[in-house]
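Every chain is numbered from 1, with letters handed out A, B, ... down the list of sequences. Basis for what follows: all heavy atoms, side chains included, without hydrogens, waters or symmetry-related copies. The structure presented is a predicted model; accordingly, all values stated were derived computationally and were not measured.
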2 protein chains.
Amino acid sequence: MAKFRLDEVDHQILDMLIDNTRTPFTDIAKKLLISAGTVHVRVKKMEEAGIIRGSSLTLDYVKLGYAFIAYVGIFLEKTHQTKFVIERLNEIPNITVAHVTTGKFNIFCKVRAKDTKHAKDIIFRIDDIDGVARTETMISLEESINDKKRLMHSIFNEM
Amino acid sequence: MAKFRLDEVDHQILDMLIDNTRTPFTDIAKKLLISAGTVHVRVKKMEEAGIIRGSSLTLDYVKLGYAFIAYVGIFLEKTHQTKFVIERLNEIPNITVAHVTTGKFNIFCKVRAKDTKHAKDIIFRIDDIDGVARTETMISLEESINDKKRLMHSIFNEM
DNA sequence: GGTGAAAGCACCGAGTT
DNA sequence: AACTCGGTGCTTTCACC
């Protein structure tokens, strides 16, 4: 994993691709006054360096029938088996995010489900994992912010 | 917002594009035994229907110098001004996610920062917002799971 | 709503500066 | 490292089914 330094041109390329991964390289080239070949080489280098890990669609989960979001804080038994619990959580596709944390909880995860009934099943499944003492659920009433693009734009324009 | 019904072919298309938004439509066509033109039309319809909201790069935040993640629970004053607080949070690009929640906290958000010092500045900024009574921070020691693709694949293969 | 072909471009590697 | 250029292959449209 070699040290990799992004310059202004790299930032601008990422800044455009973040909003639309299918932006033609020729468009980027035109805007940055470089050749499309250069854009191509730069993107490939960033992929090889692992800066760009992949791409993904942003879908409307509500329209797909997955309107329910909850955050679940997990308290582990004294005899911590964090790794084991994480592995079990990993088997549940409805858990989209999990962190080992300091503070109130030992583990903290995000659950996406169709509805409350569906969510209940998932949370019970978490409660049943060996080593989980108890859980505390926070139900999302509204996803007010969900936007990593703002952060990216600010990163690329501050440096 | 018209009712929109996805069929098996749509699911398969999304299933492939989720892993790589630049998957050539000709590849998808070959695999699904349909024409590239059809893939094109289907994707366009899903975009118009709002199922596909956009596309985004998955970047390595750590390599970009943003290794710090924390979740911050926000307690509001009795005289709730949720909307106002959300608007203020929206002005901080380092807040990538925020939810209005039931349970322990009134609002719950995710913070991405360079390091602890940087995070402190952001959390102080949250504390300073009018209407915020106090906050409770959970620092991520490890991002053990971060994968919405698993959920998507399970959605597209269960139906 | 799907097809297949054709035109227009984009991608991407090779060779050059 | 970046540019130009050309072959290859992708996208997108359109007439037809």
Side-chain angles (χ1 to χ4, degrees), chain A residues 1-60 63-65 149 152 155-157 159, chain B residues 1-60 63-65 149 152-153 155-159:
Chain A
M1 203 194 297
K3 182 76 180 164
F4 195 87
R5 189 99 199 97
L6 297 176
D7 67 10
E8 189 51 36
V9 174
D10 293 321
H11 280 165
Q12 296 294 331
I13 292 172
L14 291 178
D15 206 45
M16 291 189 76
L17 286 177
I18 275 166
D19 285 329
N20 175 12
T21 57
R22 286 185 101 100
T23 307
F25 289 3
T26 47
D27 285 7
I28 298 173
K30 246 175 271 171
K31 184 151 177 194
L32 303 185
L33 305 175
I34 56 179
S35 79
T38 302
V39 176
H40 176 238
V41 170
R42 296 246 186 178
V43 169
K44 217 165 113 188
K45 277 191 185 162
M46 288 191 280
E47 282 170 351
E48 281 161 7
I51 303 270
I52 297 176
R53 290 162 61 149
S55 60
S56 194
L57 291 182
T58 308
L59 300 178
D60 188 317
K63 286 186 181 155
L64 288 170
K149 291 180 186 181
M152 288 296 115
I155 291 177
F156 298 142
N157 295 312
M159 291 171 175
Chain B
M1 202 193 297
K3 182 75 181 166
F4 194 87
R5 188 102 200 95
L6 297 175
D7 68 9
E8 190 50 36
V9 174
D10 292 321
H11 279 165
Q12 296 294 332
I13 292 171
L14 290 178
D15 206 45
M16 291 188 76
L17 286 176
I18 276 165
D19 285 331
N20 175 12
T21 58
R22 286 184 101 101
T23 308
F25 290 1
T26 46
D27 285 6
I28 298 174
K30 247 175 269 170
K31 185 152 177 192
L32 303 186
L33 305 175
I34 54 179
S35 76
T38 301
V39 176
H40 178 239
V41 170
R42 295 248 187 176
V43 169
K44 217 164 113 187
K45 278 191 184 161
M46 290 192 279
E47 282 171 352
E48 281 162 6
I51 304 270
I52 298 175
R53 290 161 62 148
S55 59
S56 193
L57 291 181
T58 308
L59 299 178
D60 189 317
K63 286 185 180 155
L64 288 169
K149 291 180 185 181
M152 289 294 115
H153 289 310
I155 291 177
F156 298 141
N157 296 312
E158 84 183 12
M159 291 173 176

query: What closest approach, in Å, do A:A36 and A:A29 show between heavy atoms, and which atom pair accounts for it?
result: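 Closest approach of A:A36 to A:A29: N-CB, 3.5 Å.
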
Output a table of donor-acceptor pairs, distance under 3.5 Å, between side-chain atoms of residues 50-59 of chain B and any protein atom two or more places apart or on a different chain; print 'none' if there are none.
from: B:S55; atom 1: OG; to: A:T21; atom 2: N; distance (Å): 3.0
from: B:S55; atom 1: OG; to: A:T21; atom 2: OG1; distance (Å): 3.0

[X] [atom1] to [N] [atom2]: how many Å, rounded?
| X | N | atom1 | atom2 | value |
| --- | --- | --- | --- | --- |
| A:E48 | D:dA1 | CD | P | 12 Å |
| B:R5 | C:dG1 | CZ | C1' | 18 Å |
| A:I28 | D:dA2 | CD1 | C1' | 16 Å |

message: Test of understanding: with salt bridge (Lys or Arg N to Asp or Glu O under 4.0 Å), list the residues that count as partners of B:R22, not counting sequence neighbours.
response: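 For B:R22, no residue satisfies salt bridge (Lys or Arg N to Asp or Glu O under 4.0 Å) once neighbours in sequence are set aside.
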
With sequence neighbours left out, what residues match [X] under side-chain hydrogen bond (donor to acceptor under 3.5 Å, both in side chains)?
| X | answer |
| --- | --- |
| A:S35 | A:T38 |
| A:D60 | none |
| A:D27 | none |

message: Could you check whether any side-chain heavy atom of B:D15 comes within less than 4.5 Å of a side-chain heavy atom of B:H153, counting everything from C-beta outward?
response: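 They are in contact (side-chain heavy atoms under 4.5 Å apart), so the answer is yes.
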
- request: Only pairs at least two apart or in different chains count here, so list each salt bridge (charged side-chain N to carboxylate O under 4.0 Å, His left out) that has a residue in residues 32-44 of chain B.
  value: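 Salt bridge (charged side-chain N to carboxylate O under 4.0 Å, His left out) check on residues 32-44 of chain B returns B:D7-B:R42, B:D10-B:R42.
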
query: Quick one: what's the B/S/- string for nucleotides 2-17 of chain C, heavy-atom cutoff under 4.0 Å, read 5' to 3'?
result: SB------SSBS----

- prompt: Which angle, rounded to 10°, do you find between the first-five-pair axis and the last-five-pair axis of the helix from C:dG1-D:dC17 to C:dT17-D:dA1?
  reply: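 Inter-axis angle at the termini of the helix from C:dG1-D:dC17 to C:dT17-D:dA1: 30°.
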
